[in-house]
Amino acid sequence: MKFEYDVIVVGAGHAGCEAASAAARLGASTLLITIDLNKIAQMSCNPAVGGIAKGQIVREIDAMGGWMGIVTDRTAIQFRMLNRSKGPAMWSPRSQSDRMKFSLLWREILETMPNLSLWQDSVTELIFDTDTSADRVGETSAKPRVCGVRTALGVEFRAKAVVLTNGTFLNGLMHIGRTMIEGGRCAEPSSHGISEQLKSLGFSVERMKTGTPVRIDGRSVKWELAEPQELEEDFHHFSFLPSVHRELTQRRCHTVWTNPRTHEILREGLPDSPLYNGQIQSIGPRYCPSIETKIVTFADKTEHQLFLEPEGESTQEYYLNGFSSSLPINIQLRALQTIPALADVQIYRPGYAIEYDFFDPTQLVHTLETKLVDSLYFAGQINGTTGYEEAAGQGLVAGANAAFRALGSDKKLELGRDESYIGVLIDDLVTKGVDEPYRMFTSRAEYRILLRQDNADVRLTPKAFELGLASQERMDLVNEKIQLRDSLIQFVSEHSVRAAEINSMFEAVNTRLGIAGTQAALLPVTDGCKLKALILRPQLTIWLLAAYLPALNEVVEALPAERRHEIVEAAEILLKYDGYIRRERQIADKIHQLETIRLGNRFDYSTLQSISIEARQKLARIQPATVAQASRIPGVSPADINILLLLCGK
């Protein structure tokens, strides 16, 4: 039995799994500790991955060699590309997964991964080395340094770096009406000791709340009264590896609606709602409100849409998306029974709310290492985020940086806001902090035209490969994709089409699209043009043109079959949005200049009388690494930034 490791990861949720696998991939001997090995990567809430902006994060994780995309694809029972009516910067993949198979596949991956060991136990205490450390060239620190953990079973493990990914387990408390039960999630114990220990070291510890809906027995649903959502047959998936595909039988979701009688019963239960009777003081997620919050906040609404989502390929258990609740069980049941399709509903378990500890993420640097303790990293809900995807992205970054630190490397995995949604997420956390559970949206990214789901591999795989996170196979695939994409762009930019050929095609396309005689109809031309000019028309696509132009069809069909759609899509996006992409890249490059002006510990901000009092306080607390980060701190004005630039000699 081994008791000494390079990296210890505490918690095997989505953050912990990616953290442990990243550290192990980099060659660090890694130990993953979790309360229950049968609940690895448990989908505690919705058995789905991706969604608006979240899907982009999963593709970024995959591009850097992570596993979430692969596991999701292989266990998917439904896939959709959201926001297809909008531009490609907004397209977001989402997949419904088989909850049990998702967890089992993750365990299989972790159990067979080199450099990785598993241990079932609860960590109750961190072990610190308070001696001045000099483990990096040119660095000394009088701060305490974490060097291991102690567990509930009385076992002591030592390590050079520790990653905490405790999810909702730190002092977790569940609420169902006035009933309160200690636990990290249903039927699982909470974890005690770590919060209290870190608070004694000066960490700011606060509370947050999240919730989950009732689980329904599908045999009791009157399906003829629910509206089915048709399945999408689409070439998209999360992993960039062409060998990864959906393997399970696909299943539909169904929708139902609440009604005034539903809301009336829910209001009867508000005096016993932990959210409204003072029982819960912490803040819940704004963008995933409970059903009781909906009827209070949107009191004018007479109905709310709910989604019956299957929990697996063959199970009868359904997740009622949109009906998160901590109301008493009898209120939940009575309200459900007012919905015609659920009049005879049978449930597996009620919805509940859970409160848990989190740490102000401004106590971290961009590597997700804590400022107060060396070699200690936080990832996931412990940082005030919500969502599997946000957690997994942080886990990969924290695990990689913990491995670099443990192995004595000067490498770091730091992602900029113009490089990835994960970079936006981490920068928001460590710069602005959180006052409610943080959820990623495309609107949070100022460079979202650059951060599309289709190009996550082109953006991130080269960097991950250089750091040792991504494999040679992935790097070869990216290089091939770029070469084939650019060859296609070159062909359409150089190939000419005669006017007669264009007009014949326009007539056929107008009929095919049903736009003949409308304002959208393609009108005859008098001159020929390059094929690129046709692709730039909003009505036309490469695939549509290939159906009428043999030369283009020949080029498209020559692409590798398993990657053909992906490469054509990548080329078409670059062609159609070239001007927007180049303009946003120029803006990003200008802002990036501020990222090169380092601040570090150059100034005692409390003595800088030329900047505002609020700026002094915020800068002193957050200690931004660069002028660019300082500019994103709420309360630091452009005038304050100009003063900093002058002080830096810029």
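- With sequence neighbours excluded, the residues forming a ring pair (Phe, Tyr, Trp, His ring centres under 6.0 Å) with H495 are F491, listed by chain and number.
- G284 approaches P437 most closely through the heavy-atom pair O-CD, 3.4 Å.
- For the atom pair CD1 of I77 and SG of C253, the computed distance is 7.0 Å after rounding to the nearest 0.5 Å.
- F102 has its side chain within reach of T72: a pair of non-hydrogen atoms, C-beta onward, lies under 4.5 Å apart.
- Annotation for A588 and L450: closest pair CB-CD1, 4.2 Å, computed over non-hydrogen atoms.
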Chi angles and distances behind the side-chain contact (heavy atoms from CB on, under 4.5 Å) call for E572, K576:
CA-CA 6 Å; E572 187 165 307; K576 286 182 177 287; 3.5 Å; yes

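- No donor-acceptor contact under 3.5 angstrom links the side chains of Y377 and N401, judged on distance only.
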Could you please spell out the steps behind the side-chain contact (heavy atoms from CB on, under 4.5 Å) verdict for E584 and Y577?
CA-CA 11 Å; E584 195 156 278; Y577 295 89; over 6 Å; no

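- For the pairing with K481, the salt bridge (charged side-chain N to carboxylate O under 4.0 Å, His left out) check across D486, D457, D476 returns one residue only, D457.
- Atom CZ of R512 and atom CE of M505 lie 11.5 Å apart (nearest 0.5 Å).
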Just distance, no hydrogens or angles: give the donor-acceptor pairs under 3.5 Å from side chains in residues 223-231, sequence neighbours left out.
from : atom 1 : to   : atom 2 : distance (Å)
W223 : NE1    : G218 : O      : 3.0
E230 : OE2    : R252 : NH1    : 3.2

May I have the list of side-chain donor-acceptor pairs in residues 49-58 shorter than 3.5 Å, sequence neighbours left out?
from : atom 1 : to   : atom 2 : distance (Å)
K54  : NZ     : E389 : OE1    : 3.3
K54  : NZ     : E390 : OE1    : 2.9
K54  : NZ     : E390 : OE2    : 3.0
Q56  : OE1    : A53  : N      : 3.2
Q56  : OE1    : S92  : OG     : 3.1
Q56  : NE2    : W91  : O      : 3.1
Q56  : NE2    : S92  : OG     : 3.3

Show, in sequence, the C-alpha distance, side-chain angles and deciding distance for E60 and R459, and conclude whether the side-chain contact (heavy atoms from CB on, under 4.5 Å) test is met.
CA-CA 9 Å; E60 291 173 355; R459 288 186 278 120; 3.0 Å; yes

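- Under the 3.5 Å distance criterion, the side-chain polar atoms of R563 are left unmatched by any main-chain donor or acceptor of P242.
- A donor-acceptor distance shorter than 3.5 angstrom exists from the side chain of Y388 to the backbone of N46, with no hydrogens or angles considered.
- Enclosure of atom CE in M113 by more than 12 non-hydrogen atoms of other residues, nucleotides or ligands within 6.0 angstrom is indicated.
- Residues V556 and W543 meet the side-chain proximity criterion, which asks for heavy atoms closer than 4.5 Å.
- The minimum heavy-atom distance between V256 and A341, with the atom names listed, is CG1-CB, 3.8 Å.
- Shortest non-hydrogen contact noted between L451 and A445 is CD1-CB, 4.2 Å.
- Note on D234 versus R80: no salt bridge recorded, every NZ/NE/NH1/NH2 to OD/OE distance being 4.0 Å or above.
- Counting heavy-atom neighbours within 6.0 Å of R84 CZ, excluding the residue itself, gives a total above 12.
- Without hydrogens or angle criteria, N383 side chain to F378 main chain gives a donor-acceptor distance under 3.5 Å.
- Within 6.0 Å of the OH atom in Y580, the count of heavy atoms belonging to other residues, nucleotides or ligands does not exceed 12.
- Checking R59 against Q453 by side-chain atom types alone, a donor-acceptor pair falls below 3.5 Å.
- Judged purely by atom type and a 3.5 angstrom limit, R25 has no side-chain atom pairing as donor or acceptor with the backbone of A400.
- Between the side chain of E309 and the main chain of Y319, no donor-acceptor pair closer than 3.5 Å is present.
- Enclosure of atom CZ in R583 is not indicated, since only 12 or fewer non-hydrogen atoms of other residues, nucleotides or ligands lie within 6.0 angstrom.
- For the pair R474/F465, no side-chain contact is recorded, criterion being any heavy-atom separation below 4.5 Å from C-beta on.
- In this structure, the side chain of R452 engages the main chain of I449 through a donor-acceptor pair within 3.5 Å.
- Taken to the nearest 0.5 Å, the CG atom of N455 stands 10.5 Å off from the OG1 atom of T461.
- In this structure, the separation between OG1 on T249 and CD on E313 is 4.0 Å, given to the nearest 0.5 Å.
- At distances below 3.5 Å, not a single donor-acceptor pair connects side-chain atoms of K39 with backbone N or O atoms of A12.
- Side-chain atoms of S239 and D62 form a donor-acceptor pair, as typed in the model, at a separation below 3.5 Å.
- By the neighbour-count criterion of 12 heavy atoms within 6.0 Å, atom CD of Q250 is densely surrounded, having more than that number from other residues, nucleotides or ligands.
- The two atoms that bring N115 and A24 nearest to each other are ND2-O, 3.1 Å, heavy atoms only.
- I422 places a side-chain heavy atom less than 4.5 Å from the side chain of I426.
- Using a 4.5 Å heavy-atom threshold, the side chains of I347 and L320 count as separate.
- No more than 12 heavy-atom neighbours from other residues, nucleotides or ligands sit within 6.0 angstrom of CD on E466.
- Crowding of K532 atom NZ: a count of heavy atoms from other residues, nucleotides or ligands under 6.0 Å not exceeding 12.
- Using a 4.5 Å cut-off on side-chain heavy atoms (C-beta onward), E566 and D454 make no contact.
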One pair to check against side-chain contact (heavy atoms from CB on, under 4.5 Å): E317 and R349. What are the steps and the verdict?
CA-CA 10 Å; E317 187 173 0; R349 61 181 181 273; 3.4 Å; yes

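- When side chains are defined from C-beta on, V9 does not count as touching L31, because their heavy atoms never get closer than 4.5 Å.
- Judged by distance alone, with hydrogens and angles left aside, the side-chain atoms of T168 form a donor-acceptor pair with the main-chain N or O of G184 at under 3.5 Å.
- Under the 4.5 Å side-chain criterion, counting only non-hydrogen atoms from C-beta, I40 is in contact with L110.
- Using cut-offs of 30° and 60° on the angle between ring planes, the pair F441 and Y287 is perpendicular.
- For the pair Q42 (side chain) and G13 (backbone), a donor-acceptor distance under 3.5 Å is absent.
- With Q120 contributing its side chain and L37 its backbone, the two residues share a donor-acceptor pair below 3.5 Å.
- Among all heavy-atom pairs drawn from W106 and M68, the shortest one is CZ2-N, 4.0 Å.
- The local environment of CD in E557 is crowded, with over 12 non-hydrogen atoms from other residues, nucleotides or ligands closer than 6.0 Å.
- Rounding to the nearest 0.5 Å gives a distance of 11.0 Å between CZ of F323 and NE2 of H304.
- Using the six-membered ring where Trp is involved, H245 and H237 have ring planes that are tilted, between 30° and 60° apart.
- Between the CD atom of Q483 and the CG atom of L488 there is a distance of 11.0 Å, given to the nearest 0.5 Å.
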